[in-house]
Amino acid sequence: MNYEPQNIEKKWQDYWGKNNLYKTEEGADKPKCYVLDMFPYPSGSGLHVGHFKGYVATDIMARLKRMQGFNVLHPMGWDAFGLPAENYALKTGIHPAITTEKNIVNIKNQMERAGFSYDWGREISSADPAYYKWTQWIFLKLYEKGLAYKKLLPINWCPSCKTGLANEEVVEGKCERCGTETTKKDIEQWVLKITDYADRLLNDLEGLDWPDKIKEMQKNWIGRSEGWEISFPIKGGTEEIKVFTTRADTLFGCTYAVLAPEHPLLEKLAQKIENESDVLDYIEEAKNKSDRERISEVKEKTGIKIIGLTAINPVNNKEIPIFVADYVLGHYGTGAVMAVPAHDARDFDFAAKYGLPIIRVIKPASGEIEEEKAFVDDGVLFASDGFDGLKSEQAREKIGEHLEKQNKARKTINYKLRDWVFSRQRYWGEPIPIIICEKCGIVPLSEKDLPLELPKVEKYEPTGTGESPLAAIDDWVNVECPKCGGKAKRETNTMPQWAGSCWYYLRFLDNKNDKELVGKDKEKRWMPVDLYVGGAEHAVLHLLYSRFWHKFLFDIGVISTNEPFQKLRNVGLVLAADGQKMSKSKGNVIAPEQVADEFGADTLRIYEMFMGPFDQAIGWNTQGVSGVYRFLNRTWDLAANLYGKEKSSEKVISETNKLVRRAAVDLEKMKFNTCVAFFMEYINFISDNKEHWGRDCVEKFLKIFSPFAPHFCEELWSNIGNNQSITLEKWPAVDEKSILEEKIVMAIQINGKMRGKIEIPADLDKGEVEDIAFNDSKIAPWIQGKEIKDIVFVPNKIINIVIK
RNA sequence: GCCUCGGUGCUGGAAUUGGUAUACAGGGCGGACUUAAAAUCCGCUGGUCCUUGACCUUGUGGGUUCGAGUCCCACCCGAGGCACCA
């Protein structure tokens with residue numbers, strides 16, 4: 001009987017489904033393990049082998065943990081709101097809900113063919129009103145607690161499509177759809193106060209078992225920096241310029257101050273500005289710059305001197321000029337900086353261009369100052385009055401405190417993280433549950449009116465004013481104010497793509513609950529997620545947003561955990577054979593069902609794990625796939641024939657136990673590629689000892705191999721006469737006693753170079769090994785007549801003879 | 001520019017964390033089987049030479065060590081992220 005995956009895989013998939021083998025029991029008296037994939041967007045072209053790489057890994061981990069006695073939760077659902085469905089609707093007029101539903105059926109089918117052990121009873125879709133009711137509920141809670149507010153904000157605007165765009169829709173400063181350069185436009189936006197959580201989001205990273213890279217990215221994104229806010233009085237008035245600096249130590253080198261074009265002082269002191277019209281022109285110009293222009297001007301700084309205003313450096317009372325320049329950002333710090341060209345690269349560029357003085361006040365602790373550029377590192381102060389000779393680090397504190405006593409400085413912290421712009425001028429997203437009344441202003445819907453369902457529309461085009469298509473549905477938009485009964489309109493913006501994915505992992509725990517977002521007991525039982533797997537591209541979007549919402553839900557007592565994802569691992573991309581990213585437009589996409597048709601799902605699963613380290617990007621190699629298929633065929637022939645009948649030889653038992661031990665160790669570390677290599681080495685060994693491979697070891701092998709190749713192992717398991725599914729078997733214990741203490745091969749080095757090997761019993765002591773080594777025919781000539789200086793002995797590994 | 005990873009045969013990669021570099025696979029070459037091909041099976045496969053043995057070899061150059069792919073310093077190259085964040 002040959003290995004014919006096409007004939008066995010469907011059979012077992014049906015069997016698992018019919019017998020509900022992967023349904024998670026709520027009350028089970030076992031430790032829990034929550035294994036989660038990032039849920040996919042149900043794309044019309046289906047998923048490709050790259051998506052499946054992560055799913056295979058979690059499936060293996062889920063199956064392993066079940067066998068190890070855990071109660072495993074392994075669910076799957078759909079991140080169903082999103083642009084492609086809406087764009088498709090724009091073209092065809094078919095409602096996104098219909099296309100989405102069709103795509104889900106298709107992708108679910110792809111998944112079932114791969115033998116994934118999801119508990120489909122917990123399936124959710126973020127576009128389902130029963131689900132987004134709770135997304136809206138969370139929004140109401142955020143609003144109630146003052147964490148959602150409306151603000152006039154400059155957003156990306158495509159002048160050709162006449163619509164606002166999300167940041168993700170602007171690629172290199174151009175509209176993703178039509179390629180027109182985008183500008184900024186002020187539109188009223190809903191914004192979430194994620195900045196209130198900046199410190200907690202930063203500090204709690206420490207306790208998470210996440211890749212360092214992702215933690216680092218979140219840290220940088222949050223961008224906490226400690227410094228001083230210093231006041232520079234404006235000469236001849238009561239106003240002052242507040243600047244934020246992390247380099248108070250350079251204060252004596254400050255030769256001018258710069259305001260961002262948006263700085264409010266400019267308007268306030270307009271009458272005093274002698275060159276007001278020039279300044280206004282510059283501000284207007286800066287505002288209208290496209291993103292592309294801004295990026296390309298990083299090197300070439302522009303600005304204008306304000307004539308009529310002078311600032312005073314509080315540390316030495318020197319008068320300095322004030323500039324407006326767009327290299328200073330209005331939204332960071334105080335929107336103004338003290339410029340120290342000698343010790344800041346940007347200020348140096350600006351000063352060089354406008355001929356401003358450069359005064360050095362810091363010198364390196366050792367070495368010389370380079371004349372033609374800024375010295376930006378910490379060093380030792382000079383030309384700084386009473387602070388000369390101090391190191392930068394101390395000087396920052398001393399100078400700050402000195403000014404603080406005169407009320408001219410205070411210690412402060414700034415973050416790069418900005419509040420989250422939460423509204424989109426789009427149709428296919430969660431409606432924001434808010435009514436805007438002519439009299440009462442913003443009125444939130446009451447909880448009992450949720451879900452606020454997305455109404456059916458005729459046309460999906462944006463209205464042209466930058467509003468979502470919802471704005472055109474008069475009988476939906478125009479409502480009575482719930483508070484005063486007067487005329488009111490609904491909020492027509494929708495929530496961004498990220499909203500539904502911020503909390504979906506909670507809904508899997510209790511997907512049918514219509515009273516609560518998640519039952520308290522269930523949340524307590526299952527959270528946090530024990531293993532979360534997905535691409536690194538979500539490092540600062542989804543993974544930061546959901547930590548924010550999770551902490552918020554914790555604060556309002558909905559959940560008992562402080563962080564959602566205890567352990568995170570990134571899946572590396574699967575590239576096409578040519579090393580390019582797989583994409584529909586390049587035509588280099590490989591569909592999982594294609595591979596399953598030709599070689600079977602088990603080959604697909606094992607190949608994806610074997611191709612290389614799990615978190616690394618690796619190109620697809622069709623020949624590599626057939627290599628795995630060959631391996632399965634050879635294994636099948638050996639296991640199906642059971643040459644050795646019931647009992648294996650001592651040596652085979654020993655090797656089998658070693659395999660169990662090695663496999664468990666590498667699986668725990670998710671080193672799937674080496675784990676597959678162990679299986680191959682084992683089968684190579686069995687192939688030379690096939691007559692000694694008995695039922696005892698075949699069964700053990702099938703058990704530990706089954707997470708990788710569930711159909712393959714299930715079929716062989718039943719062929720040998722087992723009636724119960726192999727997925728219900730226990731992970732075998734390692735029988736340490738059966739592992740033969742064999743002779744080991746030890747290396748002999750002379751001066752660190754390998755000169756020979758000896759086969760000796762394990763655990764010999766230094767003296768015994770020396771005797772053997774000195775008498776070895778290969779070694780003797782090397783030490784003949786030489787003075788032995790030292791002998792380094794590492795038990796069971798090497799002996800190194802150091803000679804002169 | 002800054003931050004974070006990486007650089008090992010022809011290719012994907014392994015190396016118990018300082019202890020026998022190149023596991024496992026792919027590809028190639030040779031052989032068996034076959035009328036032939038595919039499939040399968042067996043063998044060889046880092047380089048150089050004076051080929052019995054020795055020397056060289058983990059991006060480059062230094063260093064630490066009895067011993068370095070692994071640690072330290074400098075540099076080169078590649079990937080990802082951030083990008084005027086004061």
Side-chain angles (χ1 to χ4, degrees), chain A residues 211-221 223-225 227-228 243-248 250 258 260 294-295 297-301 325-329 331-340 343-347 349-350 376 414-418 536-537 539-540 570 572-573 606-607 610-613 615-628 630-631 633-634 637 662 665-666 671 673-684 687 744-758 778 789-803:
Chain A
D212 290 338
K213 184 190 160 185
I214 304 290
K215 286 197 198 181
E216 199 61 35
M217 279 168 72
Q218 291 211 350
K219 247 182 230 166
N220 293 340
W221 189 264
R224 181 183 200 272
S225 55
W228 291 86
V243 304
F244 172 70
T245 182
T246 55
R247 292 298 304 272
T250 65
V258 190
R294 276 196 76 121
I295 292 164
E297 276 175 13
V298 166
K299 281 176 199 136
E300 182 67 25
K301 299 198 177 1
D326 68 355
Y327 82 91
V328 173
L329 305 172
H331 57 73
Y332 183 77
T334 59
V337 303
M338 58 176 232
V340 185
H343 303 294
D344 181 281
R346 294 153 303 186
D347 298 341
D349 289 349
F350 191 81
V376 298
N414 266 297
Y415 299 91
K416 284 195 210 176
L417 184 70
R418 283 191 261 168
E537 67 272 19
V540 286
N570 290 130
L573 286 177
I606 294 169
Y607 173 68
F610 185 56
M611 37 193 319
D615 58 357
Q616 206 164 294
I618 298 168
W620 189 263
N621 179 349
T622 313
Q623 276 157 339
V625 179
S626 34
V628 169
R630 263 202 294 273
F631 161 65
N633 270 291
R634 286 200 303 136
D637 289 343
R662 296 171 85 190
V665 169
D666 275 26
K671 292 174 77 174
N673 56 330
T674 50
C675 194
V676 173
F678 296 158
F679 284 117
M680 288 173 167
E681 277 180 69
Y682 177 76
I683 290 302
N684 288 343
S687 168
I744 56 153
V745 178
M746 205 160 146
I748 310 169
Q749 296 182 340
I750 308 284
N751 289 349
K753 280 211 160 78
M754 220 267 288
R755 294 299 178 190
K757 293 176 188 178
I758 45 173
K778 287 217 178 91
K789 282 174 66 184
D790 195 11
I791 295 176
V792 181
F793 178 72
V794 183
N796 295 336
K797 279 182 182 150
I798 58 134
I799 178 163
N800 185 16
I801 303 163
V802 186
I803 58 171

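We name chains A, B, ... by the order of the sequence lines, and we start the count at 1 in each one. None of the values given here were measured: they were computed from a predicted structure.
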Starting at [atom1] of [X] and ending at [atom2] of [N], how long is that distance when rounded to a whole Å?
X        : N     : atom1 : atom2 : value
A:Phe244 : B:C84 : CZ    : P     : 16 Å
A:Glu537 : B:C82 : CD    : P     : 12 Å
A:Arg662 : B:A14 : CZ    : P     : 14 Å
A:Leu417 : B:C82 : CG    : P     : 14 Å
A:Ile606 : B:G13 : CD1   : P     : 19 Å
A:Arg247 : B:A86 : CZ    : P     : 11 Å
A:Tyr415 : B:A86 : OH    : P     : 13 Å

What is the minimum heavy-atom distance between [X] and [Y], and which atoms define it?
X        : Y        : result
A:Ile798 : A:Gln749 : CD1-OE1, 3.8 Å
A:Asn621 : A:Gln623 : OD1-N, 2.9 Å
A:Gln218 : A:Ala539 : NE2-O, 2.8 Å
A:Ala325 : A:Phe350 : CB-CE1, 3.9 Å
A:Gly619 : A:Met611 : O-CE, 3.6 Å
A:Tyr332 : A:Ser225 : OH-OG, 3.0 Å

Fill in the blank from the handout: Interatomic distance, CG@A:Asn751 vs NZ@A:Lys789, rounded to 0.5 Å, equals 8.5 Å

Residues that [X] engages under side chain to side chain donor-acceptor pair (under 3.5 Å), provided they are two or more places apart:
X        : answer
A:Tyr607 : none
A:Ser626 : none
A:Arg662 : none
A:Thr334 : none

Considering only atom [atom1], compute the distance from [N] to [M] and round it to an integer number of Å.
N     : M     : atom1 : answer
B:A15 : B:A25 : C1'   : 16 Å
B:C41 : B:C33 : C1'   : 9 Å
B:U40 : B:U4  : P     : 48 Å
B:G1  : B:U45 : P     : 46 Å
B:U48 : B:A37 : C1'   : 39 Å
B:G9  : B:U22 : P     : 14 Å
B:U52 : B:C5  : C1'   : 47 Å
B:A21 : B:C76 : P     : 31 Å

Fill in the blank from the handout: Given Watson-Crick and G-U pairs under 3.5 Å, RNA chain B in dot-bracket ([ ] crossing, | other strand) is (((((((..(((......[....)))((((((.......))))))((((...))))..(((((..]....))))))))))))....

Practice task
Quick one: do A:Phe793 and A:Met746 satisfy side-chain contact (heavy atoms from CB on, under 4.5 Å)? Show the steps, please.
Solution key: CA-CA 11 Å; A:Phe793 178 72; A:Met746 205 160 146; 3.4 Å; yes

Show the distances under 3.5 angstrom between N or O atoms of the protein and N or O atoms of nucleotides 53-59 of chain B.
from	atom 1	to	atom 2	distance (Å)
B:C55	OP1	A:Arg755	NH2	3.3
B:C55	OP2	A:Arg755	NH1	2.8

Practice task
Answer whether the closest heavy-atom distance between the side chains of A:Phe631 and A:Phe679 falls below 4.5 Å.
Solution key: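 Result yes, sub-4.5 Å side-chain heavy-atom pair found.
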
Exercise for the section: With the side chain counted from C-beta on, respond yes when A:Tyr327 and A:Val258 share a heavy-atom pair under 4.5 Å apart, and no when they do not. Expected result: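 With C-beta onward as the side chain, the pair touches.
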
Where does [N] fall, syn or anti, if syn means a chi angle no more than 90° from 0?
N     : answer
B:U51 : syn
B:U11 : anti
B:G9  : syn

Handout entry: Position toward the 5' end of RNA chain B (nearest nucleotide), A:Gly223 or A:Val802
Key =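 Residue closer to the 5' terminus by nearest nucleotide: A:Val802.
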
Practice task
Spell out yes or no: do the side chain of A:Lys301 and the base of B:C84 have one donor N/O and one acceptor N/O closer than 3.5 Å?
Solution key: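 Counting by modelled atom types and ignoring angles, a donor-acceptor contact under 3.5 Å is found here.
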
Salt bridge (Lys or Arg N to Asp or Glu O under 4.0 Å) against [X], all qualifying residues, sequence neighbours excluded:
X        : answer
A:Asp347 : none
A:Arg755 : none
A:Arg630 : none

Practice task
Could you tell me whether A:Lys215 contacts a base, only the sugar-phosphate backbone, or nothing, with contacts defined as non-hydrogen atoms closer than 4.0 Å?
Solution key: nothing

Exercise for the section: Could you tell me whether a side-chain N or O of A:Asn800 sits under 3.5 Å from a main-chain N or O of A:Gly752, the two making a donor and an acceptor? Expected result: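 Yes; judged by distance alone, with no hydrogens or angles, the pair exists.
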
Sugar-phosphate or base contact per nucleotide [[range]; S, B, -; heavy atom under 4.0 Å]:
range                        : result
nucleotides 18-26 of chain B : -BB--BBSS
nucleotides 2-7 of chain B   : -SS---
nucleotides 44-52 of chain B : ---------

Handout entry: Distance test, side-chain N/O of A:Tyr332 to OP1/OP2 of B:A86, below 4.0 Å
Key = yes

